[in-house]
There are 2 protein chains.
Amino acid sequence: MGARRRAKRGVTIVDVAEALGVAPSTVSNALHDKDIVAPRTKARIMAMAKAMNYEASAAARALVTRQSSSVGVILPDFANPVFNEIISGLNSILVPAGYATLVASTANDGRTCKAAIHAFVKRDVDAIVVISQCLDIEETAQLAGCGLPVVLVHRTPADWQTTHAPSSTFDYVGMDNTGGVYALVRHLADLGHRRIGFITGPKQSSAACERTRGFRDGVAALGLDAAPELVADGSYDFIAGMRGARELLSLPQRPTAVIAANDLMAFGTMDVAQQMGLSVPKDLSIVGVDDVFFSAFPMISLTTARQPATEIGESVGERLLERFSDEALSPIAVTLPVEIIVRHSTAEAPSRVDPGSPLSTDNLEAYLASRWKPSTIIVA
Amino acid sequence: MGARRRAKRGVTIVDVAEALGVAPSTVSNALHDKDIVAPRTKARIMAMAKAMNYEASAAARALVTRQSSSVGVILPDFANPVFNEIISGLNSILVPAGYATLVASTANDGRTCKAAIHAFVKRDVDAIVVISQCLDIEETAQLAGCGLPVVLVHRTPADWQTTHAPSSTFDYVGMDNTGGVYALVRHLADLGHRRIGFITGPKQSSAACERTRGFRDGVAALGLDAAPELVADGSYDFIAGMRGARELLSLPQRPTAVIAANDLMAFGTMDVAQQMGLSVPKDLSIVGVDDVFFSAFPMISLTTARQPATEIGESVGERLLERFSDEALSPIAVTLPVEIIVRHSTAEAPSRVDPGSPLSTDNLEAYLASRWKPSTIIVA
DNA sequence: TTGAAAGCGCTACCAT
DNA sequence: ATGGTAGCGCTTTCAA
């Protein structure tokens, strides 16, 4: 029960007009740099506006134009640092153009996702950017129904999955997952590896499927060992990496290299290798995809295919700006190239394959409990 | 140029009113759950609004109320994952209350910061949250001048630095930096460490200063070795951690434990220890502050004082909601407790102090170049 | 080239 | 308890 009202009477366009004895519409036109305003008048108006410290009210403008100069970004969660990079790239384009970014997390939950879309539409965002591992049919329909420009990041719409061609009304920006992993396979093949293991990402993710395809394509094209047991199912997190690595490295004839569909799983693989007494990269080469911050750390020094996150954000921003100036544009798909960053987790294939010591703990959960969990928490 | 206009004629409050034969103001009142509306009328209106799929226009409401139901968050940069956690916590409170979050990064630049504040004010944000290592006088004044509620995170206003008491008009939410590091010192002292090194954060950061104070207080209170050479200057990044660690571990009588003012520097310390052939935690105990995601990784397993990032965000959100319902509230300072997460980077002090092998490279830059940089970049 | 006026959709005030 | 109505600050016809 308090004083809610905000005084904050700002300088309005009418104030500027009166100060100059001109009409508000003329001021509006001048501010928008319309050519119909006489250069002299325009100059006077601009000067006065600056002098009076005039700030256009975003709300008033939005009310009449039905455009809020803002875009909504939907993230699956706030935990993954890569999303920051994407937003950073996006903002670097959008902010100078006068747009603001609204963010919401779906917390990987469909209901929350729909609520977020709702909230954005209500706020008249000019576009919605969805960075998501998965987007179900219903959510897609809702997005399509709101009639706003939509850009999908890292996620091809469901109807592309088979045709691999844009048939939806959404723009798409992503990275060359297939080509990136393919290049990783070639890098390892060049080092003499013939038997390479792969840990996949979650199957619902189109990007993860592309990465798996890159692996299969590479193995086939380069004539490497294509035994089915060399592909282990994963899900993009550290523990899945450990599980996959245990599976792969316990094989009777273990691979000399492992490609994880993302860096986090590569870290899990490193941990398992260490537990088995396998030296990386001497005994085992390990690579990932994404190039998260920690991959560059000397203790890790992971060879990986870099996700061009900032560039993805920039690309989304640029596409949006294009779309804002011409709504009739037909949807496009942008696939950004990836680079292979070679660090110290890859080396020539060993001449003799050391099987490594069998894992001390058979029970992964118990193992994790001892390795992962803190032993104590002290409340300061 | 292209077709800019958006059709999207939505259902308005007047539409709902006409459909029911009531006045728009009554609909408005009903929607706001005002008590003056008769329960039956209210029910009819709610039902019709839902049936017609009515969505209030945020812009129109903002125009008349001068409140946008949105808050602006200013981050120093998008790189640090901890900010995501804070925003996540903030959103978890604000979004259910009908608020949206606008984010902007200052890219650690004063001009950009001011521009961001500007853009937020123009958009009639209801409050500004500043998460920043440093905020100069000018920026502070600008913030104060815009007459909006401001919450400072992790940064006490300049005028608190000496008095250590809230005299500014800003709310503050942070963590118990001093107490956290103090607890870390005690943890190490309990393990028998008497000679502990400390790598500081940047001096402009009030939080970093508090961490240093926690170290000095702990050392003094527990009667540990307070030699001045045990404190090395750092700046919160990995390389600063390496520099500080080289300094500390090259001391004629090296410390048996190192506290880094944040986890990143602790990682740098780990790397240097490894290079010197020092085993962690057998020969050297290492601790950090923050508990970033990677600190929990088995390969790292860093003992650290956890930054309660999510809780900080929630606390900011709750404070904001309080302030929105009562503007007259006097500013408060919230200091959240920290927990010490004990992992595997700390152990009992060694009975005999192994000096470790001297560092192979005297030139830090060359050393970093070999350790940090990728050897090759392949364009896929 | 400039001005006058009509709203955008909502809330808030005052009258009923 | 409900209805009428006047704006919020801007853009956008249309007239001058």
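Owing to the predicted nature of the structure, the values given are computational and were not obtained by experimental measurement. Just so it is clear: chains get the letters A, B, ... in the order the sequence lines come, proteins before strands, and each one is counted from 1.
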Please tell me which of the listed nucleotides, [options], lies nearest to the side chain of [X]?
{"X": "Ala60(A)", "options": "dT12(D), dG9(D), dT1(C)", "value": "dG9(D)"}
{"X": "Ser28(A)", "options": "dT12(D), dT1(C), dC10(C)", "value": "dT12(D)"}
{"X": "Ile13(B)", "options": "dT11(C), dC10(D), dT11(D)", "value": "dT11(C)"}
{"X": "Val64(A)", "options": "dT12(D), dC8(C), dT2(D)", "value": "dC8(C)"}
{"X": "Ser57(A)", "options": "dT2(C), dC10(D), dC10(C)", "value": "dC10(D)"}

Would you check if the side chain of [X] reaches a backbone N or O of [Y] as a donor-acceptor pair within less than 3.5 Å?
{"X": "Thr106(B)", "Y": "Pro76(B)", "value": "yes"}
{"X": "Asp126(A)", "Y": "Val71(A)", "value": "no"}
{"X": "Asp124(A)", "Y": "Gln67(A)", "value": "no"}

*Give Ala62(A) one of three labels, base, sugar-phosphate or nothing, depending on what nucleic acid heavy atoms sit under 4.0 Å from its own.*
nothing
*More 5' along DNA chain C: Ser25(B) or Val37(A), using each one's nearest nucleotide?*
Val37(A)
*Could you pick out which residue, Arg61(B) or Val22(A), lies toward the 5' side of DNA chain C when each is mapped onto its nearest nucleotide?*
Val22(A)
*Looking only at side-chain N and O atoms, does Thr65(B) come under 4.0 Å of OP1 or OP2 in dC10(C)?*
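Indeed not, no polar side-chain atom of Thr65(B) lies that close.
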*Is any side-chain nitrogen or oxygen of Arg66(A) closer than 4.0 Å to OP1 or OP2 of dG9(C)?*
yes
*Rounded to whole angstrom units, what separation is found between the CD atom of Gln67(B) and the C1' atom of dT11(C)?*
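Value for this atom pair: 12 Å.
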*Answer whether the closest heavy-atom distance between the side chains of Ile117(B) and Phe120(B) falls below 4.5 Å.*
no
*Between atom OG1 of Thr101(B) and atom CG of Leu90(B), what is the distance when rounded to the nearest 0.5 Å?*
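Output value for this atom pair is 5.0 Å.
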*Start at the 5' end of DNA chain D and walk down; is the nucleotide closest to Leu63(B) or to Asp35(B) reached first?*
Asp35(B)
*Looking only at heavy atoms, which two atoms of Val125(A) and Leu148(A) are closest? And how far apart?*
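Closest pair (atom of Val125(A), atom of Leu148(A), distance): O-CD2, 3.3 Å.
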*Nearest atoms (heavy-atom pairs only) where Ser315(B) meets Val173(B)*: OG-CG1, 3.8 Å
*asked:* Quick check on the helix from dT1(C)-dA16(D) to dT16(C)-dA1(D): what's the angle between its two end axes, five base pairs per end, to the nearest 10°?
replied: 40°
